[in-house]
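Here is the structure we will look at.
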Amino acid sequence: MKFLDLARPLLENPSILKIGQNIKFDIQVLANYDIEVKGTLFDTMIAHYLLEPDMRHNMNLLSEIYLSYSPVHIESLIGEKGNSQKNMRSVPDEKLKEYAVEDADVTLQLKEIFEPKIRAEGLEPLSSKIEMPLIPVLALMERNGVILDTEELKKITYGLREDIISLEKEIYVLAGMEFNISSPKQLGDILFIRLKLDDKARLTKTRQFITNEEILQRLAHKHPIVDKVLEYRGLKKLLSTYVEALPQLIDARTGRIHTSFNQAVAATGRLSSNNPNLQNIPVRDERGREIRKAFVPAPGCIFLSADYSQIELRLMAHLSKDKNMIADFLSGNDIHAATAAKIFGVDIKDVTREMRGKAKTANFGIIYGISSFGLSERLNIGRKEAKDLIDGYFNSYPGVKIYMEKSIKKAREAGYVTTMFGRRRYLRDIQSRNQMARGNAERNAINAPIQGSAADIIKIAMIRINDKLKSGSFKSKMILQVHDELIFETVESELDNLREMVIAEMSGAASLDVPLKVDWGTGKNWLEAH
DNA sequence: CCCAGCACGC
DNA sequence: GACGTACGTGCTGGGT
């Protein structure tokens, strides 16, 4: 009897607990053999992520820390990573056995340590109701993948290449010499030494000239080369990071792109995505948006995109219990306009674009714990005006200021802050005498509960939606998560049912003092649906 | 091979 | 006087 035939009934038995380190990986390997792992999961990597979200969670490290034991490194079996790295299949059975058994032993020992710690720290519900059940959901989304229309991408490629070459030529003429525009060092020397665009130019810590977008924007009026450089940078980024890289990641077996969702990287509880990162596909800039047209549904399908509207600001309203902010959300008015009306003391119908823009920046800044200096930099206004704006903000929403102070106080006293669902973030620098370290910790004390609660909520929605997809025998697939947005490859006949279900599960995932509003769109590519 | 600087997303 | 908005991934250049 083959091993798989022996293992299958155990792995597929829903009443047998599965303990592992990075179980999503095992689920994917077993899925290749048509084994569907069922039953409750306990993943030591995820457990440690909940216990110490800022740390790394690989098994050898955990073993060294918690078991004072250094397991065999995989490299000693299959060699260093690189071209010559061998496959697990090439490892002699005797060695493989030792490795596999040790791996299982260490994992079980770690579980015995982490499980009581999870319980002791009040993390059990977050663990057993959200993080562990999410593992197979992410595994399925990864296997689902998404189709990339390479012909559509090719169309973009030619235009980009041409424009980059002509920009390159124009830049060389304007600079009076050729240089590597992609080298910040060379570019800085051209702009600030050769062309003398700013005699007070700021330097990076490695004493190069800063040439980032913010600095260049301010210089744009001084010389035509600056805009060309900005455009060149943007187009190069699109070409190298997306247009040229994405087609290389199409899986030969499925013909689709399969990202990895990492559940144990972001210290706030968010997911991250890599190989490729499908959470940073361009959308703001007109030229970049074109790339989204290349993400398409399977024949007979249509994309449904559903996203939480202003979830972080709604969480600020909920967590702070600020009466005015709650009222602004309940009114159904545009929140940034409502904020502007309060800050500037005008009727909401008299709010100008400029006022709304400032209020919007202030709203974002508040979530991130911004200072008056930060806000003045961002809005390109004076320190005084920025301070007045912030004072106006706190007068409008006094509960928000109190909440921010309370968050910092909680961090000082407990050493950590928590999300709505008990996720912790330790802020060890909150007492630091180093201003920068302490400031950082204080901003995290404000941001982590908000960003983290939003992450908790969308994870709950994803689990419930996945359950409904199964129980309702939908053929539609959940394929992507982008922090506050879920994307589905929808069988067209299921669209109405699916949309209704998705919106209900997303808005019902948590009960706040303000509604959890969900916006949605559909389309024959990701740009249309967004 | 690693880090810095930069740019994309939320 | 310096610092100054959270969380990520990935590219290129440039030094080792």
Side-chain angles (χ1 to χ4, degrees), chain A residues 53-54 80-82 179-188 202-216 229-230 232-246 249 259-262 264-285 287-289 291-292 307-308 310-313 316 361-379 383 386 390 417 425 427 434-452 454-455 458 480-485 530:
Chain A
D54 284 295
E80 300 286 318
K81 63 178 167 189
F179 65 102
N180 188 341
I181 309 163
S182 298
S183 161
K185 185 177 156 69
Q186 294 182 39
L187 176 65
R202 289 167 52 197
L203 302 177
T204 67
K205 53 190 155 200
T206 55
R207 289 193 286 275
Q208 284 184 41
F209 294 107
I210 301 175
T211 66
N212 64 27
E213 173 167 14
E214 190 195 331
I215 300 274
L216 261 44
V229 168
L230 281 167
Y232 175 89
R233 278 240 181 98
L235 298 189
K236 267 270 184 176
K237 168 80 177 177
L238 294 182
L239 195 61
S240 62
T241 305
Y242 304 104
V243 175
E244 290 179 335
L246 287 172
L249 289 158
T259 186
S260 299
F261 288 107
N262 200 324
V265 167
T268 51
R270 273 191 178 180
L271 300 177
S272 75
S273 155
N274 66 9
N275 289 308
N277 183 352
L278 294 185
Q279 293 182 323
N280 75 343
I281 302 301
V283 66
R284 294 172 191 183
D285 173 76
R287 202 81 189 260
R289 291 167 73 94
I291 293 167
R292 292 201 171 214
D307 66 286
Y308 284 112
Q310 302 294 348
I311 188 169
E312 294 195 346
L313 214 47
M316 178 57 101
T361 305
N363 272 330
F364 276 109
I366 287 300
I367 290 166
Y368 297 146
I370 202 171
S371 64
S372 63
F373 182 91
L375 193 65
S376 68
E377 287 281 301
R378 197 138 289 249
L379 286 173
R383 291 279 298 268
I390 290 178
V417 290
R425 177 148 192 204
L427 298 166
N434 177 332
Q435 259 192 86
M436 196 160 85
R438 192 176 64 248
N440 216 356
E442 289 174 353
R443 286 192 295 280
N444 277 321
I446 295 161
N447 177 264
I450 292 174
Q451 192 180 117
I458 196 166
L480 293 174
Q481 189 254 40
V482 190
H483 309 306
D484 61 0
E485 172 189 19
H530 187 269

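A, B, ... follow the sequence lines: proteins, then strands. Residue 1 opens every chain. On a predicted model such as this, the values are computed, not experimentally measured, just so you know. Below, each value reflects all heavy atoms present in this structure, side chains not excepted, and no hydrogens, waters or symmetry copies.
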By nearest atom, which of the nucleotides [options] is closest to the [X] side chain?
X: A:N275; options: C:dG10, C:dA6, C:dC11; result: C:dG10
X: A:F373; options: C:dG4, C:dC7, C:dC11; result: C:dG4
X: A:V265; options: C:dT9, C:dG13, C:dG4; result: C:dT9

Short side-chain N/O contact from [X] to OP1 or OP2 of [N], under 4.0 Å:
X: A:R438; N: C:dC3; value: no
X: A:N180; N: C:dG13; value: yes
X: A:T241; N: C:dG10; value: no
X: A:S183; N: C:dT12; value: no

Rounded to the nearest Å, what distance is computed from the [atom1] atom of residue [X] to the [atom2] atom of nucleotide [N]?
X: A:F261; N: C:dT9; atom1: CZ; atom2: C1'; answer: 13 Å
X: A:I181; N: C:dC11; atom1: CD1; atom2: C1'; answer: 16 Å
X: A:N434; N: C:dG1; atom1: CG; atom2: P; answer: 19 Å
X: A:N262; N: C:dC7; atom1: CG; atom2: P; answer: 16 Å
X: A:N447; N: C:dG8; atom1: CG; atom2: P; answer: 10 Å
X: A:L246; N: C:dT9; atom1: CG; atom2: P; answer: 16 Å
X: A:R443; N: C:dC7; atom1: CZ; atom2: P; answer: 9 Å

**Message:** Treating primed atoms plus P, OP1 and OP2 as sugar-phosphate and everything else as base, which nucleotides of nucleotides 4-10 of chain B get B, S or - for protein heavy atoms under 4.0 Å?
**Reply:** SSSBBSB

Roughly how far, to the nearest 0.5 Å, is the [atom2] atom of [Y] from the [atom1] atom of [X]?
X: A:T211; Y: A:I181; atom1: OG1; atom2: CD1; value: 12.0 Å
X: A:R270; Y: A:D484; atom1: CZ; atom2: CG; value: 7.5 Å
X: A:N275; Y: A:S260; atom1: CG; atom2: OG; value: 5.5 Å

Can you give me the closest heavy-atom contact between [X] and [Y], atom names plus distance?
X: A:T268; Y: A:A448; result: CG2-CA, 4.4 Å
X: A:R383; Y: A:S372; result: NE-OG, 4.1 Å
X: A:P53; Y: A:R425; result: CG-CA, 4.3 Å
X: A:M316; Y: A:I450; result: CE-CD1, 3.5 Å

**Message:** Would you measure the distance from the P atom in C:dC3 across to the matching atom in B:dC6 and give it in whole Å?
**Reply:** 15 Å

**Asked** Distance between the P atoms of B:dA4 and C:dG4, in whole angstroms?
**Response**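 15 Å, rounded to whole Å.
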
Across the strands shown, which category fits [X] at heavy-atom distances under 4.0 angstrom: base, sugar-phosphate, nothing?
X: A:A267; answer: sugar-phosphate
X: A:R425; answer: sugar-phosphate
X: A:G374; answer: base
X: A:Q186; answer: sugar-phosphate

**Message:** Using side chain to side chain contact (heavy atoms under 4.5 Å, CB included), reason through A:F261 and A:L480 one step at a time and then give a plain yes or no.
**Reply:** CA-CA 9 Å; A:F261 288 107; A:L480 293 174; 4.1 Å; yes

**Prompt:** Between A:N274 and A:N440, who's closer to the 5' end of DNA chain C by nearest nucleotide?
**Reply:**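 Nearest-nucleotide comparison on DNA chain C picks A:N440.
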
**Item:** 5' priority, DNA chain C, between A:P53 and A:K236 [closest heavy atom]
**Value:** A:P53

**Prompt:** Quick one: does A:Y242's side chain have a donor or acceptor within less than 3.5 Å of a partner on A:N280's backbone?
**Reply:**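 Yes, the answer is positive, given that a donor and an acceptor are paired below the 3.5 Å cut-off.
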
**Asked** Given the rule that a pair is Watson-Crick or G-U wobble with both distances under 3.5 Å, how would you write DNA chain C in dot-bracket, using | for pairs to a different strand?
**Response** ......|||||||||.

**Partners passing salt bridge (charged side-chain N to carboxylate O under 4.0 Å, His left out) against A:E213 (at least two apart in sequence or in another chain)** =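 Salt bridge (charged side-chain N to carboxylate O under 4.0 Å, His left out) check on A:E213 returns nothing, list empty.
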
**Message:** If you apply the rule side chain to side chain contact (heavy atoms under 4.5 Å, CB included), what do you find for A:L235 with A:L239, and how did you get there?
**Reply:** CA-CA 6 Å; A:L235 298 189; A:L239 195 61; over 6 Å; no

